[in-house]
Amino acid sequence: MALTRNLIPWKPTHVYGIQTDTKSFAVSELMPRSDDEIVVIFDRKLSEHYFAWIVPRNSHEFRIGIADDANVWVKFTELLKIINAEQSKPFGGKIIIGGSPSHVVAGNVAIIGDAGGFVKPMTGGGIIMGMLSAKLLAESISNAVKEGLSITDALSLYDALFRKYIRGMVKALGSASYILHMMINRSLGNIMQLMSKVNVVVEDYDNHIDAIMKAASRRPWQFIKALLAVVNELSLIEPGRINRLIKDTLE
Ligand SMILES: Cc1cc2nc3c(=O)[nH]c(=O)nc-3n(C[C@H](O)[C@H](O)[C@H](O)COP(=O)(O)OP(=O)(O)OC[C@H]3O[C@@H](n4cnc5c(N)ncnc54)[C@H](O)[C@@H]3O)c2cc1C
């Protein structure tokens with residue numbers, strides 16, 4: 001993004017994330033119960049606008065991290081203290097959670113990965129989406145070459161694929177992510193309680209729409225109540241913010 005932001009300007013929504021690989025011998029309900037379990041902590045006192053995570057790596061070894069829009073270092077050290085983890089070498093950076101450029105090609109330059117907003121906005125996960133963008137670009141070039149087309153045509157094809165299949169989805173999920181992480185506060189606790197102990201099996205762990213729809217069908221009434229709690233909270237938010245969100249999504 002540092003290299004291309006002058007060529008393809010756009011404004012991503014982001015939070016800052018810090019994580020570390022460390023040890024913890026804490027016995028607490030926050031810790032994963034097995035090596036197959038990932039703990040995600042939604043606690044507005046810990047992370048006001050995002051979440052924290054504890055991912056098992058090995059016996060008593062974990063990747064522990066947190067993201068938020070401000071004071072992340074303080075919150076990160078607080079999290080380590082809560083679960084009694086050693087402070088090892090931290091690493092992290094910006095996590096993109098929304099926004100999308102209008103195009104991913106300018107002249108003979110094509111962008112892939114975070115720089116082009118190829119992320120899953122609900123979690124900021126950009127590894128699979130980044131690889132997908134690289135594959136889309138590679139296949140566009142290889143197909144264009146096979147057809148005897150020019151490199152300009154190949155890049156136009158990549159841009160067209162991005163606009164047709166990726167951009168709309170990222171923008172819609174970006175708005176949902178903005179509502180979940182940045183706007184709702186009180187209703188988050190309600191949702192967690194209403195939907196607690198709902199188990200859903202999904203083929204793709206990162207397919208959030210599928211997971212939400214399955215959870216909704218498991219407990220339709222609770223799901224509607226949860227939605228009403230969100231709508232109720234959103235109705236108290238200054239209308240200009242919601243209008244801006246709708247405008248951005250439609251653009
Ligand atoms: C704390 C944290 C946790 C995350 N967890 C997950 C996760 O669990 N799952 C997931 O899918 N995603 C996760 N992500 C997001 C994921 O890391 C990114 O989406 C992904 O790394 C983006 O890959 P990229 O190649 O597009 O960009 P980057 O990985 O950012 O690569 C860009 C590279 O460009 C280099 N660079 C910058 N400026 C210059 C310059 N001027 N000249 C030369 N090189 C330059 C940088 O050093 C960097 O190596 C996480 C991000 C953070 C910060």
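Numbering of ligands and ligand atoms starts at 1, following listing order. All residue numbers refer to positions in the sequence shown, counting from 1. Just so it is clear, the values below take in all heavy atoms, side chains as well, and ignore hydrogens, waters and symmetry mates.
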Check if G65 has a non-hydrogen atom at a distance under 4.0 Å from any atom of ligand 1. no
To the nearest 0.5 Å, tell me how far I179 CD1 sits from M122 CE. 9.5 Å
Residues forming a salt bridge (charged side-chain N to carboxylate O under 4.0 Å, His left out) with R63, sequence neighbours excluded: D21
Please report the C-alpha distance between D159 and H103 in whole Å, then the side-chain angles of each, then the deciding distance to 0.1 Å, and finally whether the side chain to side chain donor-acceptor pair (under 3.5 Å) criterion is met. CA-CA 6 Å; D159 198 39; H103 293 274; 2.6 Å; yes
Return yes or no for this condition: an N or O of Q19 is under 3.5 Å from an N or O of ligand 1. no
Within-cutoff protein neighbour (heavy atom, under 4.0 Å) for atom 48 (C) of ligand 1: no
among protein heavy atoms, the one nearest atom 41 (N) of ligand 1 is L3 CD2, 3.6 Å
Are the side chain of T20 and the backbone N or O of S88 linked by a donor-acceptor pair below 3.5 Å? yes
Numbering as shown, the atoms of ligand 1 that approach G113 to under 4.0 Å (heavy-atom distance): 26 (O)
Ligand 1 contacted by G93 (non-hydrogen, < 4.0 Å): yes
N/O donor-acceptor pair under 3.5 Å between K75 side chain and A70 backbone: yes
Check whether any side-chain N or O of S34 sits under 3.5 Å from a backbone N or O of D36 as a donor-acceptor pair, and report yes or no. yes
Starting from atom 14 (N) of ligand 1, locate the nearest protein heavy atom and write down its residue, its atom name and how far away it is, to 0.1 Å. G124 O, 4.0 Å
Quick one: does S187's side chain have a donor or acceptor within less than 3.5 Å of a partner on N190's backbone? no
side-chain hydrogen bond (donor to acceptor under 3.5 Å, both in side chains) partners of E37, counting only residues at least two apart: R33
Have a look at ligand 1 and work out which part of I95, if any, has a heavy atom under 4.0 Å from it: side chain, backbone, both or neither. side chain
Distance in Å, K23 NZ paired with F25 CZ, rounded so as to fall on 0.5 Å steps: 5.5 Å
Can a protein heavy atom be found under 4.0 Å away from atom 10 (C) of ligand 1? yes
Under the 4.0 Å line, does any protein heavy atom show up next to atom 52 (C) of ligand 1? yes
Any protein heavy atom nearer than 4.0 Å to atom 37 (C) of ligand 1: no
Whether the side chain of D68 engages the backbone of H49 through a donor-acceptor N/O pair (distance < 3.5 Å, no angle test) should be reported. yes
With respect to G126, determine whether any N or O atom, backbone or side chain, lies less than 3.5 Å from an N or O atom of ligand 1. yes
Would you say that more than 12 heavy atoms from the other residues, nucleotides or ligands in this model lie under 6.0 Å from the CE of M213, or not? no
Pair D210 + K214, salt bridge at N-O below 4.0 Å: yes
When you compare ligand 1 with I127, is there at least one nitrogen or oxygen pair between them that comes in under 3.5 angstrom? yes
Taking atom 31 (O) of ligand 1 as the reference point, report whether a protein heavy atom occurs under 4.0 Å from it. no
Tell me the contacting part of I96 for ligand 1: side chain, backbone, both, or neither, using a 4.0 Å heavy-atom threshold, strictly below. neither
Heavy-atom contacts with G125 under 4.0 Å: which atoms of ligand 1 show up? List them by number with element. 10 (C), 11 (O), 12 (N)
Within the structure, does at least one protein heavy atom fall under 4.0 Å of atom 3 (C) of ligand 1? yes
What residue and atom, counting heavy atoms only, is the protein's closest point to atom 26 (O) of ligand 1, and at what distance? D114 N, 2.8 Å
Can you check whether a protein heavy atom sits less than 4.0 angstrom from atom 19 (O) of ligand 1? yes
